[in-house]
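Both backbone and side-chain heavy atoms feed into the values below; hydrogens, waters and symmetry mates do not.
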Amino acid sequence: MTTRLCATPDDAVAGIEDGSTVLVGGFGMAGMPVDLIDALIRQGAGDLTVVSNNAGNGDTGLAALLAKGRVRKVICSFPRQADSWVFDDLYRTGRIELEVVPQGNLAERMRAAGAGIGAFFCPTGVGTLLAEGKETREIDGRTYVLEYPIKGDVALIGAHRADRMGNLVYRKTARNFGPVMATAATTVIAQVREVVETGTLDPETVVTPSIYVDRVVQEAARR
C-alpha cells in the first residue's frame with residue numbers, strides 16, 4: 001500500500017460514503033483535524049456514526065458537522081461541556097443518538113479493533129447503566145463486562161509531521177487518539193502541519209507507520 005499525498009482536504013475526503021463510521025481524532029480541539037472535517041461537510045456524506053472523545057466544541061470542527069445534520073449517532077466519552085451547545089440541542093430534541101463509552105474503554109475498543117482482538121473483559125462500567133444488557137463474568141473475584149471493538153470505515157486524524165511515505169509524528173497532547181484510530185479504520189486520512197522528505201524524520205519518533213496511513217494532506221496555514 002502506498003500513501004497518497006493529497007493537494008487539498010477535499011481531495012483527501014473524496015469517496016467517504018453515506019452511513020460510514022468515522023473515527024475523528026482530537027481531545028477537545030487539540031489534534032482535531034478541522035480542515036478534513038470542513039472538507040467532509042462540503043463533500044456531503046450523511047447518516048454518519050462519529051466516534052470521538054468529545055461531541056464537538058463551539059461551532060467549528062466536529063460541532064459544525066453535527067450542525068449540518070450529517071451525523072446520525074455519536075459514540076464518545078464526554079458529550080457535554082460548557083461549549084457543547086450544538087450537540088446538546090440535537091440530543092435534547094431527539095435528532096441524534098448517543099452512546100457514552102468511558103474514555104479508557106473507548107481507546108481500548110479501538111485498539112482492539114486494530115489488534116484483531118474479538119472482544120475483551122473490562123471492569124469499567126460494571127454496576128452502572130453503561131453495562132446494562134452486556135455480558136459480565138467473574139474473574140479472580142472481580143466482575144468484568146464484555147466489550148467489543150470499535151472499527152471505523154474512515155479515520156480522520158491530525159498529526160504534526162508526515163514524511164512523503166506517510167509516516168506520522170505527533171505533538172504533545174494533540175497525539176491523543178490518533179495512533180489507535182489509525183489502526184482501527186479501513187481508510188486513514190491524516191491532516192498534518194508539515195510534510196517533509198522521506199528520511200528526515202527520526203525513526204525513533206515515528207508513532208504511526210505509513211502502512212496504516214492511506215492519505216495525507218498538509219493543513220492550511222494558520223495566522
Side-chain angles (χ1 to χ4, degrees), residues 13 16 18-41 45-114 119-120 122-134 145-158 173-185 189 191:
V13 303
I16 296 177
D18 291 349
S20 295
T21 295
V22 183
L23 315 181
V24 179
F27 190 87
M29 294 301 293
M32 181 171 288
V34 174
D35 289 0
L36 292 176
I37 296 171
D38 288 346
L40 182 58
I41 293 172
D47 194 34
L48 303 173
T49 295
V50 166
V51 182
S52 192
N53 186 63
N54 303 80
N57 302 84
D59 297 299
T60 61
L62 183 53
L65 182 65
L66 298 181
K68 291 293 184 181
R70 304 284 177 75
V71 180
R72 177 183 64 83
K73 180 179 180 180
V74 170
I75 301 173
C76 73
S77 298
F78 294 95
R80 296 195 64 212
Q81 46 271 323
D83 59 352
S84 63
W85 50 76
V86 173
F87 173 81
D88 280 2
D89 179 60
L90 292 170
Y91 185 71
R92 290 177 186 278
T93 54
R95 290 179 286 162
I96 198 166
E97 297 176 41
L98 171 66
E99 179 182 344
V100 175
V101 181
Q103 192 176 71
N105 285 13
L106 186 70
E108 186 63 9
R109 288 177 66 184
M110 289 186 287
R111 192 196 70 82
F120 61 93
C122 179
T124 307
V126 170
T128 73
L129 291 175
L130 299 179
E132 240 180 38
K134 296 182 178 180
V145 63
L146 185 65
E147 298 285 358
Y148 288 92
I150 296 175
K151 301 175 183 178
D153 298 300
V154 180
L156 305 180
I157 62 175
T173 57
R175 170 175 171 172
N176 52 74
F177 295 90
V180 291
M181 288 182 171
T183 67
I189 307 170
Q191 169 186 320

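- Looking at Ser84 and Asn54, their side chains never come closer than 4.5 Å, going by heavy atoms from C-beta outward.
- Considering all non-hydrogen atoms of both residues, Ile16 and Ser20 come closest at CG2-OG, 4.1 Å.
- Annotation for Lys134: atom NZ counts as buried by contact number, over 12 foreign heavy atoms lying within 6.0 Å.
- You'll find the side chain of Leu156 reaches within 4.5 Å of the side chain of Leu40, heavy atoms only.
- The side-chain heavy atoms of Leu62 and Val86, taken from C-beta on, include no pair separated by under 4.5 Å.
- Going from atom CZ of Arg70 over to atom CD1 of Ile41 covers 7.0 Å, rounded to the nearest 0.5 Å.
- For CZ of Arg175, the number of neighbouring non-hydrogen atoms (other residues, nucleotides, ligands) closer than 6.0 Å is 12 at most.
- Atoms CZ and CZ, on Arg95 and Phe87 in that order, are 11.5 Å from each other to the nearest 0.5 Å.
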message = If you apply the rule side-chain contact (heavy atoms from CB on, under 4.5 Å), what do you find for Val34 with Met29, and how did you get there?
response = CA-CA 9 Å; Val34 174; Met29 294 301 293; 3.8 Å; yes
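- Atom CG of Asn176 is separated from atom CD1 of Ile157 by 10.0 Å, given to the nearest 0.5 angstrom.
- Side-chain contact between Phe27 and Thr173 is absent, with no heavy atoms from C-beta onward closer than 4.5 Å.
- Listed here is the closest heavy atom pair of Gly25 and Met181: N-SD, 3.5 Å.
- A heavy-atom distance below 4.5 Å is not found between the side chains of Lys151 and Thr21.
- Side-chain contact between Val71 and Leu90: absent, with no pair of heavy atoms (C-beta onward) separated by less than 4.5 Å.
- By the neighbour-count criterion of 12 heavy atoms within 6.0 Å, atom CZ of Phe120 is densely surrounded, having more than that number from other residues, nucleotides or ligands.
- The distance from atom CD of Gln103 to atom OG1 of Thr124, rounded to the nearest 0.5 Å, is 11.0 Å.
- Of all non-hydrogen atoms in Asp18 and Gly46, the two that sit nearest each other are OD1-N, 2.9 Å.
- Annotation: salt bridge (charged side-chain N to carboxylate O under 4.0 Å, His left out) contacts involving residues 75-85, sequence neighbours excluded, comprise Arg80-Asp88.
- Atom-to-atom distance recorded for Cys122:SG and Leu146:CG is 10.5 Å, nearest 0.5 angstrom.
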request  = Please step through side-chain contact (heavy atoms from CB on, under 4.5 Å) for the pair Val74 and Leu66, ending with a clear verdict.
outcome  = CA-CA 9 Å; Val74 170; Leu66 298 181; 4.0 Å; yes
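- Distance check, rounded to the nearest 0.5 Å: CD1 of Ile96 to OG1 of Thr49 gives 9.5 Å.
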task = Show your working on side-chain contact (heavy atoms from CB on, under 4.5 Å) between Val24 and Leu65 and close with a plain yes or no.
result = CA-CA 11 Å; Val24 179; Leu65 182 65; 5.8 Å; no
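- Nearest heavy-atom pair, Ser52 versus Gly26, reported as atom, atom and distance to 0.1 Å: OG-O, 4.5 Å.
- Annotation: side chain of Phe177 is in contact with side chain of Leu106 (closest heavy-atom distance under 4.5 Å).
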ask   = Given the rule in the side-chain contact (heavy atoms from CB on, under 4.5 Å) test, do Val50 and Cys76 qualify, once you have shown the distances and angles that lead to the verdict?
value = CA-CA 8 Å; Val50 166; Cys76 73; over 6 Å; no
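- The heavy-atom pair separating Ala184 from Leu23 by the smallest distance is CB-CD1, 3.9 Å.
- The two residues Gly19 and Asp153 make their nearest non-hydrogen contact at O-OD2, 4.5 Å.
- Annotation: side chain of Trp85 is in contact with side chain of Asp59 (closest heavy-atom distance under 4.5 Å).
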